[in-house]
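Below: one structure, written as structure tokens.
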Number of protein chains: 2
Amino acid sequence: MSDVKGAADLRATVVFNLGTLGALAADRFAARVEALGLKPKHAGLLAALDAGQAASQQELARRLGVAPSLIVALADQLQGLGALERVRDPEDRRRQVLGLTAEGRRLLSACVAAAQAADEELTSGLGDTQRAALARGLRLLGEQHRPA
Amino acid sequence: MSDVKGAADLRATVVFNLGTLGALAADRFAARVEALGLKPKHAGLLAALDAGQAASQQELARRLGVAPSLIVALADQLQGLGALERVRDPEDRRRQVLGLTAEGRRLLSACVAAAQAADEELTSGLGDTQRAALARGLRLLGEQHRPA
DNA sequence: TAGAATCATTCGAACTGTGAATGATTCTGA
DNA sequence: TCAGAATCATTCACAGTTCGAATGATTCTA
């Protein structure tokens, strides 16, 4: 292969396709959760709350890779929807411990359904085998890049 | 499987992993092309110019999925770097036809190298077989979602 | 040939997310 | 015990990015 690289070489790259398709997938997902009155980051926060133990906002900011001040805004909005509750940690009253409500779990479930529908739409052109291989590869790569 | 869906179901989704990893990949790539004085969109424009026939800015905006006014700004900056030239289309003097210069091809080549290095970094935890499968799946999916 | 359409360009505005400042609370070490 | 440092949630001003409307030049259409 030549040492002068062109557009074709770029398209063969994982990061290029990940970036492009990631933006596309994010748009499709965003369009669907918008019907729930949510942004993708809201869904991310709901999922983080469902996944781990009760966590402070500081800790959630680390997990989601965003500034703590953004968690405040997201939590405000989700609290306004009745999706989560803030409770002062009695053992450290600086901390606000966030917890999902029943409505929060309902919303999260709807977000997951939206993601699955978007999956169906996005990968409809792929055969079952290819779709499974892609899903597996992404899950693997994702597991290796989880924040501690 | 239950009909009430939780965080684990979301993480199993292609769109979720595509979105998350897409953002990660974009960041890694951006950090590398920044050393060249470029943003990822600049690289995208260079690649679009290298790939197709000479195109108007209007057409490039369609291909990249951005507003025409953004193409103006990107092209201004790349022209300032000597990476491309604007030529009035003699057959339609409203159009500016953009073309890569030798410097533009050099920059594109450096962008590709940056993407390949980012690939190496990002997928270093995967086996060769898995990496190839992932690259193939992404390329396939990407080809199906090309703008006309 | 007059008016509609299309192109590149400029400019103001919307949206997102960040980082610095603030007040409350907890920790630390003398 | 207590004074100062550290950590938490919160507010707020700000930067970065992208878009859409307005503009002028050019081309198309009837």
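To find a chain, count down the sequence lines: A is the first, B the second, and so on, and within it residues start at 1.
The heavy-atom pair separating A:Asp50 from B:Gly6 by the smallest distance is OD2-CA, 3.4 Å. Counting all heavy atoms, side chain and backbone alike, B:Ala43 lies closest to B:Leu108 at O-CD1, 4.5 Å.
Using a 4.0 Å cut-off on heavy atoms, the residues of residues 26-55 of chain A that approach DNA chain C are A:Lys39, A:Lys41, listed by number. A heavy-atom distance below 4.0 Å to DNA chain C is reached by these residues of residues 70-91 of chain A, ordered by number: A:Leu70.
A heavy-atom distance below 4.5 Å is not found between the side chains of A:Glu59 and A:Gln53.
Between A:Arg94 atom CZ and C:dT26 atom P there is a gap of 7 Å when expressed in whole angstrom units. At whole-Å resolution of the value, CG in B:Leu60 and C1' in C:dT9 are 16 Å apart.
In the 5' to 3' direction, nucleotides of DNA chain D lying under 4.0 Å from heavy atoms of chain B begin and end at D:dT17 to D:dT27.
Of the possible polar contacts, none joining the A:Ser109 side chain to the A:Arg105 backbone as a donor-acceptor pair under 3.5 Å is found. Checked by atom type and distance alone, the side chain of B:Asp9 never pairs as donor or acceptor with a backbone atom of A:Val112 at under 3.5 Å. Listed for the B:His42 side chain is a donor-acceptor partner under 3.5 Å among the backbone atoms of B:Lys39.
A salt bridge links A:Arg32 to A:Glu121: one of the charged nitrogens lies within less than 4.0 Å of a carboxylate oxygen. Ion pair A:Arg139/A:Glu143 not flagged as a salt bridge, since none of the NZ, NE, NH1 or NH2 atoms sits closer than 4.0 Å to an Asp/Glu carboxylate oxygen.
In summary, the side chains of A:Arg86 and A:Gln57 do present a donor paired with an acceptor at a separation below 3.5 Å, with no hydrogens or angles considered.
Closest-nucleotide positions on DNA chain C for A:Arg93 and A:Val66 were compared, and the one nearer the 5' end corresponds to A:Val66.
Note that CG of B:Leu122 and CG of A:Leu18 are 6.5 Å apart. Values are rounded to the nearest 0.5 Å.
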